[in-house]
Amino acid sequence: MYRRYRYRQLFRGQYIFRFCIALVCCLGVLTPDLVQAGPVGLPDQGYSPLQLTQADVRYPLASLAHSSGFVPVLTDWRLENAMTYVAAQKTYSLEPDFKRHRSYWLYTQVKNDTENRNWVVHVSNFAFLRPRVLINGPDGQRIKTFQQDDSADINTIGRAVELTLEPGESYSMVIELTAKDYGWYPYIALMSESRYQVWKTQMDVVYKPAIGIIVGMALLGFLCWLLMADSTFFWGAFSSLFMLFYYLEHSSLPELFLWQYDYQKNALFWLLVSVNILSLLAFAASFLQINRRSGWWYHVFASVAVISVVVLVAGYFTSFSTKSFLYAFNYILLWMVILSSGVAKVCSEGRYYFIYIIGWLPMVLSTTQVILFVLLPARPVQEVMPSYKLIYVLYVQILHMMIHAIALIMRVKVMRQKKIEAEFISQAKSRFIAQSSHDLRQPLHTMRLFLQSLQPYVRSPEAQPILAGLNKTHQQMNDSFSAIMDLSKLEAGVVKAEIKAVSLMDVFSRLQNDFQWLAKEKNLRFTIHPSSVAVLTDPLLLERMLRNLLSNAIKYTNSGRVVLGCRRRVQSIAIHVLDTGSGISHEDQAHIFDIYQRSAVEQESVDGAGVGLSVVKHLSVLMDHPLEMNSVAGRGSTFTVLVPQTMHSVLDQSQPSCKRMPSVARLTQSADGDESISGWLRKRNCNVRVFASLTEFHQSGMNVDVLIGDDQLMIGEPLPTEIKNKLADQYVVACVCDSGVQLPERWVGLSPPVLPSQLRALLNYVERCYQSQLNNEVSPAQKYVAGQSSRHGIQSGVQTTLSESET
């Protein structure tokens with residue numbers, strides 16, 4: 001099987017290599033005439049004068065039938081004396097070599113046999129520097145320059161100058177062309193002014209809309225990038241604009257907008273070419289999704305990018321010919337990598353990658369045309385025909401952009417289908433986990449009962465750490481399971497937000513009671529800045545968000561502090577959770593809210609499933625509470641939740657849904673399941689913290705509203721009586737005991753088994769005490785009377801509360 005796989009890979013590599021070789025061969029066949037070399041001497045032969053017989057015809061002057069060809073100009077020759085330097089019957093080639101001679105003259109004779117006297121001489125290609133024409137006729141000799149300051153006109157593919165040729169007269173002309181290094185074959189034509197205007201209009205109608213189409217498609221690509229955040233659209237639009245700049249650099253636009261632009265291939269031109277190469281490479285890599293995980297292809301693309309930069313730098317220290325060869329090699333390497341990587345994608349995945357390869361072929365043909373012109377020798381020609389390369393290359397680029405746009409549309413369609421499939425699978429998974437949560441939670445609850453039942457029988461010092469480890473592992477499993485259940489319910493859409501006015505004071509006080517002991521265990525300073533503002537939110541979901549943020553802050557902070565506070569921000573309240581922990585690196589911030597993602601810092605030493613921040617993100621979207629993050633690795637993090645502010649007072653509302661739920665400290669050593677007192681209170685959204693003894697609770701310093709404990713823990717604790725009496729000054733103290741047990745002053749007795757009606761009455765009593773303290777309506781004596789009358793079963797005044805709750 002391995003050998004078969006190696007043969008298959010080898011076959012694919014040979015296929016890619018043969019494809020590239022065949023492509024280069026085909027390009028050589030398709031473009032045989034586009035070459036350049038030095039002048040080729042032809043045998044001496046005479047040329048006949050050009051007869052102008054029709055006014056609607058373009059007459060080519062660069063023709064051996066009617067001109068001498070391009071005569072190299074020596075250093076001391078002057079155009080004013082051109083008629084005395086070269087014999088009229090001497091002929092030369094039509095391929096000037098500007099590397100050997102800077103200037104060339106073209107001799108020709110014209111006879112006007114028409115009635116038209118207004119004519120135009122046109123010279124194509126803007127690479128020529130200040131072309132001139134010498135006219136010798138019956139009225140003498142004059143020189144005209146193809147510049148705008150000499151009545152010249154700029155058209156799409158070249159420049160033209162007006163001439164006056166009297167009917168029936170003959171004229172001798174010498175056209176001077178000056179260039180540097182390379183240039184396309186110069187097309188020179190003589191036509192009437194009316195014919196020139198028609199021809200110029202036809203070229204403008206074809207040329208200018210092409211520029212608008214390319215610019216429009218590039219802007220559309222940038223818009224798609226902004227809307228979809230897909231870098232492929234950006235690099236496609238960016239490369240198209242730079243390709244357009246490259247084409248326009250040697251067009252008529254610089255001549256129109258830049259005074260005396262010389263069209264020299266200077267450092268700016270080569271920089272433009274290099275940026276064009278790099279942008280095309282970036283577009284190809286983005287389309288093919290080449291990244292660091294792509295293996296060999298990533299190194300290939302990176303190597304081509306490095307070579308392109310090296311070619312750009314080396315070009316500053318080499319001649320024009322050497323630069324031409326270097327950039328020709330760079331382009332060949334670029335197309336080989338782009339096409340071969342596309343073929344590899346077609347072999348592995350197919351689909352829209354085949355359209356992607358076809359989209360590159362027009363650009364490959366156009367670029368190869370230039371490369372062959374520069375590198376291969378020229379062939380003698382008898383007449384230079386007009387070249388519309390400046391126009392048709394724009395349509396080649398439009399074809400390239402349109403084909404790649406189709407490939408991008410197909411790619412987006414495929415990605416959308418994959419996204420829909422992934423969302424369907426994710427929703428099905430979430431629904432399955434949410435529906436099976438009860439079956440999964442029951443074994444964990446049973447395990448907890450077994451561990452608590454096992455605790456009295458483990459007396460060996462060696463076994464105590466093992467049992468403690470089992471309890472800790474069980475707690476971690478339970479916390480992770482709860483977080484995953486929360487996330488599954490959010491993804492399945494089971495959780496619905498109930499937005500209402502909520503006082504942040506209540507939310508902050510419950511969080512302080514629950515997290516101050518966690519911070520104390522790690523020797524952290526936990527600070528909450530109280531606030532009396534009211535916000536519009538779901539109190540339970542907001543509290544869950546802040547719990548997860550505070551839990552993460554304490555987990556990832558080993559020293560320093562954790563702060564919870566809020567600030568006003570226009571029409572909203574910004575709730576901040578700040579810590580001085582390990583922080584989050586810039587790389588991790590991009591995916592820290594993804595499911596099961598953590599910061600790389602200390603992730604091995606922190607317990608949990610890693611879904612806390614994902615739950616926070618889902619809740620922020622559910623309640624439309626924007627979430628912000630500001631973190632510096634090694635210095636800490638700040639998470640901000642933006643909650644809408646309301647001007648209505650929460651305390652004035654009488655709806656039961658806004659009723660404040662107290663925090664409870666539960667002292668027990670029995671099972672803490674759903675059917676226990678703690679379980680019943682948690683179902684009513686009370687914040688419950690379980691302690692194993694009264695001493696442990698007293699040492700924790702936890703601030704609660706009510707303390708509920710079993711009699712053997714409450715009465716049998718070796719605490720001084722005055723301390724037990726003072727507990728009633730701080731909290732509502734309830735003891736689960738028989739009716740004959742003597743309790744300290746102001747303690748409330750609950751008769752076992754504790755019924756839900758007793759707990760409801762106790763909560764209502766606690767709420768009334770809290771409201772009375774806020775309104776300063778209850779004195780300590782009244783509270784003492786209420787406590788005495790409510791012992792053993794919540795009798796007397798508390799029974800009124802019980803009857804009201806049952807009603």
Side-chain angles (χ1 to χ4, degrees), residues 33 36 39 42 47-52 54-55 57-73 79 82-83 86 88 91-98 101-112 118-137 142-147 150-165 171-179 182-193 195-197 199-200 203 250 252 255 263 378 380-391:
D33 297 328
Q36 174 66 27
L42 297 178
Y47 57 90
S48 60
L50 181 63
Q51 302 287 334
L52 305 180
Q54 300 179 19
V57 175
R58 284 187 287 116
Y59 296 94
L61 297 182
S63 169
L64 294 181
H66 303 290
S67 70
S68 64
F70 288 99
V71 179
V73 178
L79 184 61
M83 296 300 177
V86 181
T91 58
Y92 296 84
S93 71
L94 295 177
E95 300 88 29
D97 185 2
F98 292 101
H101 300 280
R102 183 175 176 82
S103 300
Y104 284 85
W105 289 344
L106 179 76
Y107 289 82
T108 185
Q109 292 183 354
V110 176
K111 183 178 182 182
N112 185 8
N118 297 321
W119 295 83
V120 172
V121 174
H122 167 265
V123 176
S124 66
N125 196 335
F126 293 94
F128 303 122
L129 308 178
R130 300 178 64 86
R132 296 188 298 171
V133 56
L134 170 67
I135 307 169
N136 188 10
R142 62 186 184 274
I143 296 177
K144 306 199 77 172
T145 305
F146 289 76
Q147 297 295 123
D150 195 14
S151 300
D153 183 63
I154 306 299
N155 55 65
T156 299
I157 64 173
R159 289 163 283 194
V161 66
E162 297 179 357
L163 301 179
T164 300
L165 303 179
Y171 296 86
S172 297
M173 295 184 186
V174 180
I175 301 173
E176 181 184 68
L177 299 181
T178 302
Y182 289 98
W184 293 95
Y185 293 161
Y187 172 70
I188 306 173
L190 180 65
M191 65 194 85
S192 65
E193 185 179 4
R195 174 58 182 167
Y196 170 75
Q197 295 298 333
W199 183 55
K200 175 184 176 182
M203 289 189 298
H250 48 276
S252 60
E255 187 76 14
Y263 291 91
V381 294
Q382 298 296 316
E383 181 178 316
V384 179
M385 302 302 294
S387 173
Y388 298 97
K389 179 178 174 59
L390 285 176
I391 299 178

Check against side chain to side chain contact (heavy atoms under 4.5 Å, CB included), E162 and Y196:
CA-CA 10 Å; E162 297 179 357; Y196 170 75; over 6 Å; no

Please evaluate residues F146 and V121 with respect to the criterion side chain to side chain contact (heavy atoms under 4.5 Å, CB included), reporting the C-alpha separation (whole Å), side-chain torsions for both, the decisive distance (0.1 Å), and the verdict.
CA-CA 9 Å; F146 289 76; V121 174; 3.8 Å; yes

Stepwise side chain to side chain contact (heavy atoms under 4.5 Å, CB included) test for M83 and V174
CA-CA 8 Å; M83 296 300 177; V174 180; 3.6 Å; yes

What do the steps show when you test L106 against Y92 for side chain to side chain contact (heavy atoms under 4.5 Å, CB included), and what is the final call?
CA-CA 9 Å; L106 179 76; Y92 296 84; over 6 Å; no

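Judged by distance alone, with hydrogens and angles left aside, the side-chain atoms of S124 form a donor-acceptor pair with the main-chain N or O of Y187 at under 3.5 Å. At distances below 3.5 Å, not a single donor-acceptor pair connects side-chain atoms of Y107 with backbone N or O atoms of V71. Proximity of a side-chain donor or acceptor of S252 to a complementary backbone N or O of I154 within less than 3.5 Å is not detected. Looking only at distances, no side-chain donor or acceptor of N118 sits under 3.5 Å from a matching main-chain atom of E193. Remark: the backbone N or O of D97 is paired with a side-chain donor or acceptor of Y104 at under 3.5 angstrom. For H66 (side chain) and S48 (main-chain N/O), a donor-acceptor pair under 3.5 Å exists by modelled atom type.
A heavy-atom distance below 4.5 Å is not found between the side chains of P386 and H122. Residues L129 and R102 meet the side-chain proximity criterion, which asks for heavy atoms closer than 4.5 Å. In this structure, the side chains of V123 and R159 stay at 4.5 Å or more apart for every pair of heavy atoms. Side-chain contact between I175 and W105 is absent, with no heavy-atom pair separated by less than 4.5 Å. At a threshold of 4.5 Å between non-hydrogen side-chain atoms, the residues L163 and M173 count as touching.
One distance of note links CD1 of I188 with OG of S63; it measures 11.0 Å at 0.5 Å rounding. In this structure, the separation between CG on L165 and CG on L52 is 7.0 Å, given to the nearest 0.5 Å. Interatomic distance, CD of Q54 versus CE of M191, reported as 14.5 Å (0.5 Å rounding). Interatomic distance, CG of L134 versus NZ of K144, reported as 12.5 Å (0.5 Å rounding). For the atom pair L190 CG and L50 CG, the distance stands at 6.5 Å (nearest 0.5 Å). Considering CH2 of W119 and OH of Y171, their distance stands at 11.5 Å, rounded to 0.5 Å.
S103 and T178 make their closest contact through OG-OG1, 2.9 Å (heavy atoms, listed as atom of the first residue, atom of the second, distance).
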